[in-house]
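Have a look at the structure below, then the notes.
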Amino acid sequence: MSDETSELRLAVALLEYAEIFRDAFDPPRYLRRLTEHCVDLLGALGAAVLLASPYCPTPAGHRGQYPDTVGGGSLVAADSPVSPAHDTLRTGLAVAPVNLNSAHSVARWPAFTAIARRGGIASAYAVPLREADDLVGALTVFQTEPAAHKGEFAIAQVLADAATTGLHNHRVHARYQDLTEQLGVALASRVRIEQAKGMLAERWATAPDTAFTALRRYARSNRLPLDQVARAVIRRTLPDEQVRPEPT
């Protein structure tokens, strides 16, 4: 495949990570797309994401139908043997491509190496998913060749960085959406209370502060939210005599 085609596919993948402002945004599916892009762009046998415990203990991945399972054993599950992903989560540093047929791999991750080799994996590497100073997780890429091709390791980190930036932006966007909704609800409630206060003041030919005091007294004595009482006043479902201020 030409370099131009590969660059175009990489650009499309990175653009996809910017589409995080949809109502149907699904973080697990989003991370699965990250692993699918690793398989597609890097020619990997599989890829998997292990998230740090504050985010989610469940791994996501892509390798055929069952992305993070090889030879019947999970390679990146939170309760699995140590692996490149676990090293990255512990240190926050990337693990460069390692030949799983080497003595170094067997000594460092014996169980992981045995399971991976039974699944046809010849090499693996892991890169961190980092959000500013916060380590979100680790992306592991599994290859059938004992050494990574030039640039693969760097591209995996670029994909991981782009995906993590997307997750961060989505969380910030969602927080601001929630805050906007809360402020909208609070403002609407305040408007209703002011409207009810004005209506009562007009009905009773009294000062607005006196009407508000009566409104608040009724809400407290009946253990009702003030906004609920204001709604009843506006809809005229609360008789005046029940909320009328005490004579001075």
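Numbering of residues begins at 1 and proceeds along the displayed sequence.
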With sequence neighbours excluded, residues passing side chain to side chain contact (heavy atoms under 4.5 Å, CB included) with Glu181: Asp178

Heavy-atom side-chain proximity of Val49 to Leu34 below 4.5 angstrom: yes

Supply the atom-to-atom distance Leu187 CG to Arg192 CZ, rounded to the nearest 0.5 angstrom. 9.5 Å

Residue pair Leu200 / Phe212, side-chain heavy-atom distance below 4.5 Å: no

Could you tell me which non-hydrogen atom of Ala94 sits nearest to which non-hydrogen atom of Phe153, and how far apart they are? CB-CZ, 3.7 Å

Between CG of Leu226 and CZ of Arg190, what distance do you get to the nearest 0.5 Å? 8.0 Å

Side chain to side chain donor-acceptor pair (under 3.5 Å) with Arg220: which residues, sequence neighbours excluded? none

Qualifying salt bridge (Lys or Arg N to Asp or Glu O under 4.0 Å) pairs, either residue in residues 88-104, two or more places apart: Asp87-Arg90

Shortest non-hydrogen separation from Ala85 to Thr140 and the atoms involved: CB-OG1, 3.2 Å

Apart from Val185 itself, what residues make up its hydrophobic cluster, given side-chain heavy atom links below 4.5 Å? none

Any side-chain heavy atom of Leu42 sitting closer than 4.5 Å to one from Gln143? yes

Residues at least two apart in sequence or cross-chain that pass salt bridge (charged side-chain N to carboxylate O under 4.0 Å, His left out) with Arg117, listed by chain then number, are none

As an exercise, state the distance from OG1 of Thr113 to CZ of Arg118, rounded to the nearest 0.5 Å. 11.0 Å

Answer yes or no: is there a donor N or O on one side and an acceptor on the other, between the side chain of Arg130 and the main chain of Gly92, under 3.5 Å? yes

Kindly indicate whether the side chain of Tyr125, heavy atoms from C-beta on, has any atom under 4.5 Å from the side chain of Pro84. no

Starting from Leu93, walk the hydrophobic network (Ile, Leu, Val, Met, Phe, Trp, Tyr; side-chain heavy atoms closer than 4.5 Å) and list everyone else you reach, by chain and number. none

Exam field: side chain Asn222 to backbone Leu224, donor-acceptor pair closer than 3.5 Å: no

Leu129 side chain near Leu135 side chain, heavy-atom distance below 4.5 Å: no

Is a side-chain donor or acceptor of Ser102 paired with a backbone partner of Asn99 at a separation under 3.5 angstrom? yes

Ala201 to Ala211 - nearest heavy-atom pair and separation: N-CB, 3.7 Å

Which residues pass the salt bridge (charged side-chain N to carboxylate O under 4.0 Å, His left out) test with Glu202, sequence neighbours left out? none

Is the ring pair Phe142/Phe112 parallel, tilted or perpendicular, if the boundaries are 30 and 60 degrees? tilted

Should Leu238 and Met199 be regarded as members of a common hydrophobic cluster, given that ILVMFWY residues are connected when their side-chain heavy atoms come within less than 4.5 Å of each other, either directly or indirectly? no

Side chain to side chain donor-acceptor pair (under 3.5 Å) with Arg231: which residues, sequence neighbours excluded? Asp227

Once side chain to side chain donor-acceptor pair (under 3.5 Å) is applied, do any residues pair with Thr213, and if so which ones, sequence neighbours excluded? none

Applying side-chain contact (heavy atoms from CB on, under 4.5 Å) to Leu100 and Ile121, what does each step give before you reach the verdict? CA-CA 8 Å; Leu100 299 184; Ile121 297 173; 3.6 Å; yes

For Tyr218, is there any backbone N or O sitting under 3.5 Å from a side-chain donor or acceptor partner on Ser221? yes

Identify whether Val233 and Val191 are in the same connected component of the hydrophobic contact network (ILVMFWY, side-chain heavy atoms under 4.5 Å). no

Point-to-point distance, once rounded to the nearest 0.5 Å, from CD1 of Ile155 to NE2 of His37: 13.0 Å

Holding to salt bridge (charged side-chain N to carboxylate O under 4.0 Å, His left out), I want the full list of residues that pass it with Arg216, two or more places apart in sequence or in another chain. none

Taking side chain to side chain donor-acceptor pair (under 3.5 Å) as the definition, give me every residue that meets it alongside Asp161, ordered by chain and number, with sequence neighbours left out. Gln157

Correct closest heavy-atom pair for Ala44 and Val141 would be CB-CG1, 3.5 Å

Is there a side-chain contact between Cys38 and Leu139 in this structure, where contact means two heavy atoms from C-beta onward sitting under 4.5 Å apart? yes

For Trp109 against Val95, the heavy-atom pair lying closest together: CH2-CG1, 3.9 Å

Short side-chain to backbone donor-acceptor contact, Ser123 and Glu145, under 3.5 Å: yes

Is the shortest heavy-atom distance from the side chain of Leu51 to the side chain of Leu31 under 4.5 Å? yes

Should Glu36 and Arg32 count as an ion pair when the cut-off is N to O under 4.0 Å? no

Is Leu215 close to Val229 at the side-chain level, that is, under 4.5 Å between some pair of heavy atoms? yes

Got a sec, which pairs hit salt bridge (Lys or Arg N to Asp or Glu O under 4.0 Å) with one end in residues 96-107, sequence neighbours left out? none

